[in-house]
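When a ligand or atom number is given, it counts from 1 through the structure's own listing order.
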Amino acid sequence: MKKTHILLVLFAVVSMAGIMGFVLNKDATANGTTFDPRVEKLLAQMTLEEKIGQMTLYTTDWGSTGPTIREGYKNDIRKGNCGALFNSHTTAFTRELQRIAVEETRLHIPLIFGYDVIHGYKTIFPIPLGEAASWDLAAIEKSARVAGTEASAAGLHWTFAPMVDVSRDPRWGRVMEGAGEDTWLGCRIAEARVRGFQGKGIGQTDAVMACVKHYAGYGAGTAGRDYNTVDMSERFFRDYYLPPYEAAVKAGAATVMTSFNDYDGVPATGNKYLLTDILRNEWGFKGFVVTDYTSINEMVLHGVVANEKEAGELAVNAGVDMDMQSAAYQRFLAQSVKEGKVPMQAIDDAVRRILQAKFDLGLFDDPYKFCDTDREKKTILSAEHRAAARDVSRKSIVLLKNERNVLPLNRNQKVALIGPLADNKTELIGNWCAAGNFNDCVSLREGLRSAGIQTTYAKGCELDGHDKSGFAEAVKIAKAADVIVVAIGEKAQMSGEAASRTELNLPGVQEELVQELAGTGKPVVVVLMNGRPLVFPQLIGSASAILEAWWLGTETGNALTDVLLGEYNPSGKLPMSFPRSVGQVPVFYNEKSTGRPYDPNSKWTTQYIDSPNSPQYPFGFGLSYTTFEYDEPKVNRTTFKKGQTLQVLVNVKNTGSRDGEEVVQLYIRDLIGSVTRPVKELKGFQKVMIPAGQSKEIRFTITDQELSFYRRDMSFGSEPGDFDLMIGGNSAELKSVRVTMTE
Ligand code: BGC
């Protein structure tokens, strides 16, 4: 065929495509994303101001999750000033707002409704840190599935979750929202939660878009203070902090939220390296990026731009598609485009991504698709959802101590139920509890009562303050009982956003109360409810048993009763190390050897003069009502070639008299690397039920991926040499086998 003929044919095809309303990839963005043809059609009709409206997200007055609120959001919708709203839910409310958007605006573009559905919408599940303690990915996925089902039944399209920020600092209040200190566990949980929220896919009426946050490194704020600066080497950042965001993106998360912090001197919201080079170009993220609350404006105070107009330019040019609550885009972006400071292509790409999400959700076909009042009534807080919450809740409880098998309780024992959280409901749903209502919660006292356990009750003291006037009554009922169950902890608002602490103690006189009770000589079972690892040295001495129950949510009392009575054998394991003192923070399991590893016989090695290096309770730790014994692990070959897979097997025996679940954990150490490597890193786990007296063989397959890291030259891969493969029931008690990788 002659050249001119080829050109003619091509021209005809392109024209036909145009007439039929589809586009031959000509509107693809820089990273090759293709869009629904209707996106292009709509984009072609939009004014610059309408485009910027789509790039703007405002809160309603239904709740405030940040320092500013915006009056007059209904007018914003009418004027096309915003394309999405948050803190707006229920079918009635979202229907009313959606009607304004589709009936009163020129182009009738529907709105997206978002909300922080972090651990449940109305049926509240354990806080994410608590759920992480279940090490049960199916249960975690189920929790997000229920949350997604309820949220979408309440008119929502979008949740600002999962939060996947790795954190080694329990002073940071937001550790409650994440999966704890470990990168590998964090990746698996991030994936499970994305799958759960998004269900069978965006567009299903029971799914919501996930939003991975806070990208990136927010959990590493200096000194554990919220919003604080983050700085670390890129190697460290890539090895430990970035992988969970990547895992969530690869699991299909529809959106990503930027973080408040700076990284390497550049605020995340204006960080092109993070938002374009890594997120889009390295990971191939195709969805849209939203900022955190007013984080565009905050770049002025970070001191990298002179005013909010420049802040908007920095954000959009870095790769931010949607401005949450700063109104910087709405106020200045049109001007910036006219001045040539922001290319029109950047605006168009952002709008394409946002419109595509609206098409994916099916909102152009039916803007009221998620406004079915019958479904809302039937779905929310259903018996099935409560049952799921009870199941996940009991799996999240960690047994830290159980002297002389004081637990489980025996139904004939006289129980004195004591403590500020024993008969409390208001705190149980924890922070970030969405539309959760504490009146729907089952308190511990109610849970025991409905299981037929009669208790005597005294509050003893408040969660904080110095008042000990309730001690006497508490001691009195304790003396008349066979066993004391005392529920203490933090206030729910002591963790979460803007809730960093310098002390990790139990507030007020709670620890003293436990000591007084222990003075009666009766066994004391402590139930802790809190949003972070705490430090409680006296408690460890005085309590016979300790259950870490986090904030368990709606089914708290039932789940705790199941565990206290042994109807459920606890199986949770800590997703974060519990320090001995604040001075040890950050204390975490995957540390490096140093050139002077700790040696008790030498002063000149890495250690404190006033404390052991080890935490009080290590990462991965948790007891059961039964006991497990590990054999030495075995491998299918001790020498293997780079790229070959390796099998490691271990026999685990339930040596007690009860059936129980164990989280069998695999850690790996690369003995010699081109850069220093941690003394151990979690690279696999299996949660298995082992009947009393029986054994199970657990098998892990290790691929090159588990042995890889950022090498000296920053390439990602493994290096031949020796590796220790370590298996056990927590990060501090492991049995190991050595293997060698050859070229
Ligand atoms: C928080 C985000 C949250 C947003 C919207 C911010 O203050 O940092 O995690 O999604 O508010 O409520």
Legend entry - Under 4.0 Å to a heavy atom of F260 - the qualifying atoms of ligand 1, by number: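 Those of ligand 1 that fall under 4.0 Å from F260 are 7 (O), 8 (O).
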Can you tell me if [X] and [Y] form a side-chain donor-acceptor pair at under 3.5 Å?
| X | Y | result |
| --- | --- | --- |
| Y241 | D165 | no |
| Y227 | E298 | no |
| E131 | S143 | yes |

Quick one: does [X] get within less than 4.0 Å of ligand 1, heavy atoms only?
| X | result |
| --- | --- |
| M257 | yes |
| H214 | yes |
| Y115 | no |

Protein contact of [atom] - nearest heavy atom, named by residue and atom, plus distance:
| atom | result |
| --- | --- |
| atom 3 (C) of ligand 1 | D116 OD1, 3.2 Å |
| atom 4 (C) of ligand 1 | D292 OD1, 3.3 Å |
| atom 7 (O) of ligand 1 | E497 OE1, 2.8 Å |

Legend entry - W62-Y115 aromatic ring centre distance below 6.0 Å: no
Legend entry - Greater than 12 external heavy atoms within 6.0 Å of K491's NZ: no
Inset, instruction - Looking only at distances, please establish whether an N/O atom of ligand 1 is found under 3.5 Å from an N/O atom of K213. - result: yes
Legend entry - Sub-3.5 Å N/O-N/O distance, T65 and ligand 1: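 Such a contact does occur with ligand 1.
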Inset, instruction - Measure R174 to ligand 1 on non-hydrogen atoms and call it side chain, backbone, both or neither using the 4.0 Å cut-off. - result: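 Side chain only; the backbone of R174 stays clear of ligand 1.
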Legend entry - Spacing of OG belonging to S577 relative to CZ belonging to F619, to within rounding of 0.5 Å: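 With rounding to 0.5 Å, OG (S577) is 7.5 Å from CZ (F619).
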Inset, instruction - Could you tell me whether R386 and E555 make a salt bridge, using a distance below 4.0 angstrom between a side-chain N and a carboxylate O? - result: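 Counted as a salt bridge, because a side-chain N and a carboxylate O are separated by less than 4.0 Å.
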